[in-house]
Number of protein chains: 2
Amino acid sequence: MKKYRPNISDVARLAGVSTATVSRALSNPSLVSEATREAVRGAIAATGYRLNETARNLRHRRTGGILALVPNLANPFFSQILSGVASVLGPAGYNLLIADTRTAGADRLLDYAEPSRSDGLIILDGSLPVSALTGRIPIVEACEWVPGLVAPRVKIDNRSAAGLAVQHLADLGHVRIGHVVGPAGNVLSVARLAGYEDALRSRGLPLVQSAIYQGDFSLESGRAAAALWLQQPQETRPTALFLASDAMACGFIGEVQRHGLTVPRDVSVVGFDDIELIAHISPPLTTIRQPRTAIGQVAAERLLNRLRSIDDTDEDTILPVELIIRASTAAPRR
Amino acid sequence: MKKYRPNISDVARLAGVSTATVSRALSNPSLVSEATREAVRGAIAATGYRLNETARNLRHRRTGGILALVPNLANPFFSQILSGVASVLGPAGYNLLIADTRTAGADRLLDYAEPSRSDGLIILDGSLPVSALTGRIPIVEACEWVPGLVAPRVKIDNRSAAGLAVQHLADLGHVRIGHVVGPAGNVLSVARLAGYEDALRSRGLPLVQSAIYQGDFSLESGRAAAALWLQQPQETRPTALFLASDAMACGFIGEVQRHGLTVPRDVSVVGFDDIELIAHISPPLTTIRQPRTAIGQVAAERLLNRLRSIDDTDEDTILPVELIIRASTAAPRR
DNA sequence: GAGCGTGATGTAATCGGTTTCATTTACGAT
DNA sequence: ATCGTAAATGAAACCGATTACATCACGCTC
């Protein structure tokens, strides 16, 4: 009768040593003589032994996993950040756990900051309640952030990035520049709106309420903004718009084109994020590139540092953005 | 001196019972008298006790996690399936682990089918080596599949789905219908190509090599296919194309438009997948809709069933697709 | 009143590793 | 020859739960 799965004592018995020695041979080989090390190696090969991570984790009082909290897994924007996170966590020997904060019930939220579930948290959702997360396990925030939560943040300077976009439009000669805001209450929406206003003010351009449209980052909300814009009289409506997400920009352009207008001839459009697809639609979209993979990587690295208790600084990491000029922006028609 | 984290003995001591009783009160309350149950409840509240999952998992010889193997996390196509997976796994009390099979080294591949890492596998990458996965833990495949691997598959009928797309073009009156293939060797590419050929044959339409373009599902490869297509003489090149992915269709349309042609006036285009964005570009893309969220959900459910050892059938689940007709297809120009 | 089934609980083994502490051995220094 | 020290190893405690088995009290049957 063969036992289902060999464990460390099976290996020890076969190698003629104690389990302690096998353990040392595996996790700290320098403590073990060359001869025994060889014997253990042979016994492991012979038995097909594989370490049980759960047992090791129990003894080490850790879980070996990092949990990423995502507002909406289906959103491609996040998957690219997660890709960066995964590329760092894997080699470091951590598992990447993922939870969709929208799907999960509020009762489950409390479980997230639970040391028995993961060793650390990467938060990608700025709308979580601080109380549920407060001081239980190490946390790093990426892209978005929870106001009031004390944790290092890895993000871009949304305010000045928005400024870049608007400056670009102003440089082209646009005067009536509009803005489609992200979801109400979202930290990113607020920052980008502020950057938009900053830029208009610094250029002495008019800042009017009728040029600001409410959106929620989604394609559909961009389409809706375009519908509003189309209804405004041509003489007063914006000749250029900065939208707080590429998805909205796509929706906006699609709707505008459906009504027979041409971008950028009839209206210039700048997006935000530089998601892959928008370089290939027509017209290719001018946008602000966020280094999504890098954000994920840096967030993961900083979290790992905290777990190893180096880098105890709470400082934020601000990554650079880039204005990518494509064909959706041009000088206004005279 | 306060202990960092209360454990089950702390609770037992405070409640004046044994740890066994506390354990029973938590996991099988009917075994415990109402009075003790109440005492335990009080002690738990007083200590702030939270169960240590790792310890429980060790005892139960499980990990509490399901691992999804994704070829490329950054691809939005997969994130939507994962979203479906997560929505089932969460409520069922399982953690969702994610690994990017491209990022991870080949040496790590062997760890995936490791019982100490997860209780089950959801495979979204058909290019994995069978040998690494063979018969260690329960597996379900979703969308793609590994030839030769014995595991239930949750997918669509790619062959007949491709047929739908081509039939639609034939119905519109197209005769020279082209196809942009997915990555060489990919199981989906093969099936969709076969479906394309089936449909042409059944309609008695010409099947020529010059109408088949190599792609790899990416935007860029769609663009490249368009470049080739543009070079072909107008009298013989396809008047309509079926592309094996929406991303390629986007790339194709973008390039064609950049050369001053119009879709669908100059060429009709059908994609595959129905990713969200393509409904909003112009022209909105005609495509085959895959129920991505449902695929993820069903895959997760079937895996859970296997873990509970119900549903021992190895049968595949075939989910229905839908032809979504938008504005990128029309009758050929006369 | 003896025998027995049932319900509630405790004792201790167990899951599979890691790690502290003690022991043994070898070797160089005095 | 003696002592000290370092290297190699084993015994056993430990991480924090679960659970097989034992025990005990109670009430019922004949």
Side-chain angles (χ1 to χ4, degrees), chain A residues 3-41 43-44 47-65 93 95 111 114-119, chain B residues 3-44 47-65 93 95 111 114-119 137:
Chain A
K3 220 166 106 188
Y4 178 58
R5 206 181 134 80
N7 61 19
I8 198 171
S9 354
D10 298 325
V11 174
R13 195 172 320 118
L14 192 62
V17 298
S18 74
T19 63
T21 301
V22 176
S23 175
R24 282 188 282 251
L26 286 173
S27 50
N28 205 342
S30 68
L31 293 177
V32 172
S33 78
E34 176 55 33
T36 8
R37 217 180 301 160
E38 196 48 53
V40 169
R41 203 174 302 151
I44 288 178
T47 53
Y49 167 75
R50 310 231 62 198
L51 185 82
N52 182 319
E53 300 281 353
T54 308
R56 167 182 281 181
N57 287 337
L58 174 59
R59 180 63 226 239
H60 283 162
R61 293 149 162 270
R62 51 165 245 161
T63 71
N95 287 320
D111 281 352
E114 220 338 90
S116 96
R117 197 180 174 93
S118 68
D119 298 335
Chain B
K3 222 166 107 189
Y4 178 59
R5 205 180 137 79
N7 60 21
I8 198 172
S9 357
D10 298 325
V11 174
R13 196 173 318 118
L14 192 63
V17 298
S18 74
T19 62
T21 300
V22 175
S23 175
R24 282 188 282 251
L26 286 174
S27 49
N28 205 342
S30 68
L31 292 177
V32 173
S33 77
E34 175 54 32
T36 9
R37 218 182 300 161
E38 196 48 55
V40 169
R41 205 174 302 151
I44 288 178
T47 53
Y49 167 75
R50 311 232 61 198
L51 184 80
N52 182 319
E53 299 280 353
T54 307
R56 164 182 282 181
N57 287 338
L58 173 58
R59 182 62 227 244
H60 283 162
R61 292 150 163 268
R62 52 165 243 159
T63 71
N95 287 320
D111 283 352
E114 225 332 275
S116 96
R117 196 179 175 95
S118 67
D119 298 335
I137 56 177

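All values below were derived from every heavy atom in this structure, side-chain atoms included, with hydrogens, water molecules and symmetry-related copies excluded. Chain identifiers are assigned alphabetically (A, B, ...) following the order of the sequence lines, protein sequences preceding nucleic acid strands; residue numbering begins at 1 within each chain.
- Remark: C1' of dG7(C) and CD of E34(B) are 15 Å apart, rounded to the nearest angstrom.
- Here H60(B) reaches the OP1 or OP2 of dT19(D): one of its side-chain N or O atoms lies under 4.0 Å away.
- One finds the OG1 atom of T36(B) at 10.5 Å from the CZ atom of R41(B) (value rounded to the nearest 0.5 Å).
- Taking every side-chain heavy atom of N52(A) into account, dG17(C) is the closest of dG17(C), dA8(C), dA17(D).
- A sub-4.0 Å separation between OP1 or OP2 of dT11(C) and a side-chain N or O of S18(B) is absent.
- Side-chain proximity of Y49(B) to the nucleotides dA17(D), dT11(C), dT9(C) is greatest for dA17(D).
- S23(A) has no side-chain polar atom (N or O) that falls below the 4.0 Å cut-off from OP1 or OP2 of dT19(C).
- Atom pair E53(B):CD and dA17(D):P shows a separation of 10 Å (rounding to whole Å applied).
- Nearest-nucleotide positions on DNA chain C for A20(B) and L58(A) put A20(B) closer to the 5' end.
- Atom CG in N28(A) sits roughly 17 Å away from atom P in dG17(C) (whole-Å rounding).
- Taking 4.0 angstrom as the limit, R56(A) places a side-chain polar atom (N or O) nearer than this to OP1 or OP2 of dT18(C).
- No contact: R62(A) has no heavy atom under 4.0 Å from any strand.
- Put simply, CD1 on I8(B) is 13 Å from C1' on dG10(C), counting in whole angstrom units.
- Using a 4.0 Å heavy-atom criterion, one finds that S33(B) contacts the sugar-phosphate atoms exclusively.
- Between the CZ atom in R62(A) and the CD atom in E53(A) there is a gap of 7.5 Å [rounded to 0.5 Å].
- At the heavy-atom level, T54(B) lies nowhere under 4.0 Å from the strands shown.
- Comparing dT18(D), dG16(D), dT18(C) against the side chain of N7(B) picks out dG16(D) as the nearest.
- Between R50(B) atom CZ and dA17(D) atom C1' the separation is 15 Å, expressed in whole Å.
- A distance-only check finds no donor-acceptor pair linking the side chain of R117(B) to the backbone of G65(B) [under 3.5 Å].
- Summary for the helix from dG1(C)-dC30(D) to dT30(C)-dA1(D): the axes at its two ends, each from 5 pairs, differ by 50° when rounded to the nearest 10 degrees.
- The base of dC14(D) sits within donor-acceptor range of the side chain of R59(A), with an N or O pair under 3.5 Å.
- The side chain of A55(B) lies closest to dA17(D), out of dT19(D), dC15(D), dA17(D).
- Spacing between atom CZ of R13(B) and atom P of dG16(D) amounts to 12 Å, rounded to whole angstrom units.
- Here the C1' atom of nucleotide dG10(C) and the CZ atom of R24(B) are 8 Å apart, to the nearest Å.
- At the heavy-atom level, V32(A) lies under 4.0 Å from the strands shown only through sugar-phosphate atoms.
- Rounding to the nearest 0.5 angstrom, the gap separating the OG1 atom in T63(A) from the CG atom in N57(B) is 10.5 Å.
- Within 4.0 Å (heavy atoms only), V17(B) reaches sugar-phosphate atoms of the nucleic acid but no base atom.
- Remark: R37(B) CZ to S30(B) OG distance equals 7.5 Å, nearest 0.5 Å.
- In this structure, N28(A) contributes its side chain and L31(A) its backbone to no donor-acceptor pair below 3.5 Å.
- Regarding N57(B), its CG atom lies at a distance of 16 Å from the P atom of dC15(C), rounded to whole Å.
- Rounded to the nearest 0.5 Å, atoms CG (N7(B)) and CG (L51(B)) are 11.0 Å apart.
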Distance-only donor-acceptor pairs under 3.5 Å for side chains of residues 16-26 of chain B, two or more places apart:
from: S18(B); atom 1: OG; to: A20(B); atom 2: N; distance (Å): 3.4
from: S18(B); atom 1: OG; to: T21(B); atom 2: N; distance (Å): 3.4
from: S18(B); atom 1: OG; to: T21(B); atom 2: OG1; distance (Å): 3.4

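- Position along DNA chain C of the nearest nucleotide to T21(A) versus L31(B) favours L31(B) as the more 5'-ward residue.
- Put simply, CD1 on I137(B) and OG on S118(B) are 4.0 Å apart, with the number rounded to the nearest 0.5 Å.
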